[in-house]
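Computed from a prediction, not measured in an experiment: that's the story for all the values here.
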Amino acid sequence: MLPPVPAAAQPESARNSHDEYFETACRSLGYPDSTTELLMLAAREIRAELPLVRDDGSIAVFNGYRVQHHNARGPYKGGLRFHPEIDLDESRALAALMTLKTALVDVPFGGAKGGIDCDPTALSDRELEQLTRKFVTKFHRLIGPNLDIPAPDMGTDARVMAWIQDEYSKIYGYSPAVVTGKPVGIGGSVGREDATGRGVAIVVDTVAGQLGRDLSGATVAVQGFGNVGAHAATAFAAAGMKVVAIGDRDGAVHDPDGLDVAALTASSTRARPLDLDAGRRIDGDELLALDVDVLVPAAVGGAI
């Protein structure tokens, strides 16, 4: 077994939660330390201050981040996350995971990740659009169809991607390939919005088949009711499974007889994604401890 990579191989600030996974994987594959060190280092890390004039005339300053990890297999590829806790450390870890994901499924892309440390639910539509466009004005030289292609992630959606495409196109001309996950009407892919959530349901069905488990009537708890959690819950319900609990950052609801996922999805808004009156209110820790057949952690990382 190869020894672990010494801590001195990187500055302490550059070491984060993904390092242990990389080191373990590289040791299992028999990679030399030099290869492991190169895989753990990001090619480029960028932070920019994004001042925003709020609707009330006050000034708020947010931080924009982009970490480009590896592009040996093709342009950098990865989501933009709008969340108060996004920072360079989290972006490093997520960018590295994107490098692994694109390589594992054998698509010609590298890995990148980033975002803005804002709470999109606390911003008006105008503020959110202006902040998104400000991000493009600061980062446009570092993204592009042949360089780095952002995508939706936590707190972002097709509308945010449309703003990015439009702002980028003002500078470089019509550029639909600058982002993925944009609306179908401007070049997006049909099914892109619910693909990740449906993918969760497909994986669960595949694993259940391998284990010889019948999922008809199986109980499910979903932590997170954003793009992934909501579409996963919808797919589970359509497959005849019983979604008994759903949670988001404001709390969770539980009904042992099954929640009405369609009604919850229809009433969801950006300001209030989950109707907490749809069942018995519980907290996030209780949701994670429920006796269910399937638990889906579809919120922020590190919850378990």
Side-chain angles (χ1 to χ4, degrees), residues 18 69 75-83 85-86 90-91 93-116 120-121 148-162 164-165 177-184 186-208 215 220-239 241 243 245-249 261-262 264-266 268-270 273-274 287-288 294-304:
H18 83 278
H69 183 254
Y76 300 107
K77 185 79 183 74
L80 284 177
R81 178 170 292 194
F82 287 7
H83 190 275
E85 296 180 5
I86 187 74
E90 182 176 61
S91 299
L94 296 171
L97 292 174
M98 279 303 305
T99 296
L100 294 181
K101 288 195 289 185
T102 56
L104 285 170
V105 299
D106 197 24
V107 292
F109 295 104
K113 211 76 169 188
I116 303 175
T121 66
D148 183 355
I149 307 162
D153 200 273
M154 184 179 297
T156 58
D157 54 18
R159 181 176 61 163
V160 172
M161 295 303 109
I164 293 174
Q165 176 183 325
V178 67
V179 290
T180 56
K182 52 193 171 287
V184 174
I186 59 171
S189 299
V190 175
R192 168 63 178 82
E193 184 174 340
D194 57 347
T196 307
R198 285 185 175 274
V200 171
I202 290 170
V203 169
V204 169
D205 182 66
T206 301
V207 172
L215 291 179
V220 186
V222 180
Q223 180 214 32
F225 201 58
N227 184 60
V228 177
H231 285 109
T234 298
F236 287 133
M241 300 172 69
V243 181
I246 298 175
D248 67 7
R249 65 179 185 175
V261 176
L264 285 171
T265 302
S268 177
T269 65
R270 184 160 64 90
L274 181 62
L287 180 145
L288 293 174
V294 178
L295 171 65
V296 180
V300 294
I304 300 175

*Quick one: CZ on F82 to CG on D157, what's the gap to the nearest 0.5 Å?*
9.5 Å
*Is D153 reaching over with its side chain to a backbone N or O of T156, donor-acceptor style, under 3.5 angstrom?*
no
*Report yes if the side chains of V204 and F236 come closer than 4.5 Å at any heavy-atom pair, otherwise no.*
yes
_Exam field: side chain T99 to backbone H69, donor-acceptor pair closer than 3.5 Å_ = no
*Please lay out, stage by stage, how V200 and V203 fare under the test side chain to side chain contact (heavy atoms under 4.5 Å, CB included).*
CA-CA 5 Å; V200 171; V203 169; 5.9 Å; no
*So does R198 have more than 12 non-hydrogen atoms from other groups sitting under 6.0 Å from CZ?*
no
*In Å and rounded to the nearest 0.5 Å, what is the NZ to NZ distance from K77 to K113?*
8.5 Å
*I would like to know whether N227 and H231 meet side chain to side chain contact (heavy atoms under 4.5 Å, CB included); could you show each step before the answer?*
CA-CA 6 Å; N227 184 60; H231 285 109; 3.2 Å; yes
*Test item: V160 and L80 side chains (from C-beta on) under 4.5 Å apart, heavy atoms*: no
*asked:* If I compare all heavy atoms of P108 with all of P75, which pair ends up nearest, and what's the gap?
replied: O-CD, 3.6 Å
*Keeping the roles fixed (side chain from T196, backbone from V228), state whether a donor-acceptor pair exists under 3.5 Å.*
no
*asked:* Main chain of G226, side chain of D248: is a donor-acceptor contact present, judged purely on distance under 3.5 Å?
replied: no
